[in-house]
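Taking it in order: structure first as structure tokens, then the write-up.
If you're wondering where the values come from, they're calculated on a predicted model, not measured in any experiment. Below, all heavy atoms of this structure are taken into account, side chains as well, without hydrogens, waters or symmetry copies.
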Amino acid sequence: MWPALIVASKWGIYLTLCSAIGALFIQVMALFRLPGREAIHRHLGRYGLFCGVGGALMALGHFLSLVGSFSGKGLSGITDTTALALLWLSPEGAALCWRLAAAALVVMVALGLRLGFYRQLAGKALLPISYALAAIFMAIGGTRSGHSLDMGGVGQVLIALHLLAVGWWLGALYPLWYLSRTLGGREAAPIMARFGDDAAVVLVVLFITGCSALILIGVLPELGVSPYGKMMAIKLLLVIGVLLLAARHKWKLVPTLAASPDASALARSIVIEGLVMLSLLAATAYLALLPGPG
């Protein structure tokens, strides 16, 4: 039971807290590119709040799952004070604190954007700082557990950057799907094109940090051999699938939007990309349970 809950809650952290980076980015883009579209702004604001609140709940659930697993008991294991104290003093306790701090900042930024605080002088300075701190805290929390603890400082920085890039990409998918369904082709085209340009830069970060992390972990000789290597091979195949879908969006689907009121093809393709990305993150969460390479 506990291994399944640990994987599910880790997957939930990726789906909510990490995704907040992309969710807030699209929320800001919509505020400036779609002025006066209150229904859209409210919907995207709720999604940002969902990422923050859901991220806090998932982070807490992940920590309690680890406590229950460590205690060796059933559901009552989450109240085992000895296991709770030991895990709280471990890197997992630190990871929980960083993640809860990031979630609180995400909620603050999402509310600030929704209530128009960004229009005020103080908000123009405070909200970007809060967004940056949320990203930093989330990245630090992601390097305080799992195999990243064994990678050293350089490796942890690579993992942090990789996590931020993945979160930005994943968190943008639902808002982009919603906008493609709500706006139609012509109105959505500038936003989709801007995201494609920014995604090209993020893709470079993903490629450099991902390849470097693979080398540092030492998993390349074990790809498709050990349990860890087999799961990593599956993850890499899913990565290739995401990249192929993203290339189709940028060079085939998005260029046709400006001349068409229909964005249903793009919306369907975004759904497929999201499902592949969720499978990729499930594989990533499962990797934390397996013995590392070597």
Side-chain angles (χ1 to χ4, degrees), residues 12-60 95-144 157 160-180 182-183 187-188 190-202 205-206:
I13 291 173
Y14 293 141
L15 184 61
T16 53
L17 187 56
C18 296
S19 297
I21 305 303
L24 295 177
F25 178 86
I26 300 298
Q27 186 180 354
V28 171
M29 187 187 297
L31 283 170
F32 287 98
R33 289 180 175 264
L34 301 170
R37 304 296 293 268
E38 287 301 314
I40 290 176
H41 298 160
R42 283 195 301 270
H43 189 86
L44 295 181
R46 286 194 293 268
Y47 178 57
L49 288 174
F50 163 78
C51 289
V53 175
L57 293 176
M58 287 296 171
L60 185 59
L96 174 63
C97 292
W98 286 112
R99 286 166 176 160
L100 291 178
L105 287 169
V106 166
V107 170
M108 187 181 77
V109 173
L111 285 175
L113 291 172
R114 181 66 196 95
L115 298 175
F117 187 51
Y118 68 95
R119 297 189 183 94
Q120 303 175 20
L121 181 61
K124 290 179 180 178
L126 184 59
L127 291 182
I129 293 173
S130 299
Y131 177 82
L133 287 175
I136 292 171
F137 291 173
M138 186 272 291
I140 294 175
T143 62
R144 295 293 88 196
V157 170
L161 292 174
H162 193 76
L163 189 62
L164 288 175
V166 170
W168 181 87
W169 196 311
L170 175 66
L173 290 181
Y174 173 75
L176 292 176
W177 172 84
Y178 172 75
L179 291 174
S180 67
T182 305
L183 298 176
E187 200 172 4
I191 293 178
M192 302 299 173
R194 169 61 189 276
F195 175 80
D197 293 339
D198 294 338
V201 177
V202 173
V205 176
L206 282 170

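If you take CG on Leu60 and CG on Leu100, they are separated by 6.5 Å, rounding to the nearest 0.5 Å. For the atom pair Leu105 CG and Met138 CE, the distance stands at 12.0 Å (nearest 0.5 Å). Rounding to the nearest 0.5 Å places OG1 of Thr182 at 8.0 Å from CZ of Arg37. Taking CZ of Arg114 as the reference point, atom NE2 of His41 lies at 8.5 Å (rounded to 0.5 Å). Atoms CE and CG, on Met29 and Leu179 in that order, are 9.5 Å from each other to the nearest 0.5 Å. A distance of 8.0 Å separates CG of Leu17 from CZ of Arg99, quoted to the nearest 0.5 Å.
Nearest heavy-atom pair across Cys51 and Ala20 is CB-CB, 3.8 Å. Closest of all the heavy-atom pairs between Val109 and Ser130 is CG2-CB, 3.5 Å. Closest heavy-atom contact between Val106 and Ala134: CG2-CB, 4.0 Å. For the pair Ile26 and Ala172, the tightest heavy-atom approach, listed with the atom from each and the gap, is CG1-CB, 3.7 Å. Shown here for Ala165 and Val205, the closest heavy-atom pair between the two residues is CB-CG1, 4.3 Å. Taking all atoms of both residues into account, the shortest heavy-atom contact from Ala30 to Leu44 is CB-CD1, 3.6 Å.
At least one side-chain heavy atom of Leu34 sits under 4.5 Å from a side-chain heavy atom of Glu187. Taking the side chain as every heavy atom from C-beta outward, Met58 and Leu15 never approach each other to under 4.5 Å. Side-chain atoms of Ile191 and Leu176, non-hydrogen and from C-beta on, do get closer than 4.5 Å to each other. Val28 has its side chain out of reach of Leu127: every pair of non-hydrogen atoms, C-beta onward, lies at least 4.5 Å apart. Side-chain contact check for Pro175 versus Gln27: every heavy-atom pair is 4.5 Å or farther apart. At a threshold of 4.5 Å between non-hydrogen side-chain atoms, the residues Cys18 and Leu163 count as touching. A heavy-atom distance below 4.5 Å is found between the side chains of Tyr131 and Ile21.
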Problem - Check against side chain to side chain contact (heavy atoms under 4.5 Å, CB included), Ile40 and Leu183 - result: CA-CA 9 Å; Ile40 290 176; Leu183 298 176; 3.5 Å; yes
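The six-membered or imidazole ring of Trp169 lies away from that of Phe25, with a centre-to-centre distance of 6.0 Å or more.
Ser19 pairs in a side-chain contact (heavy atoms from CB on, under 4.5 Å) with only one of the listed residues (Tyr14, Tyr47, Phe50, Tyr174), which is Tyr47.
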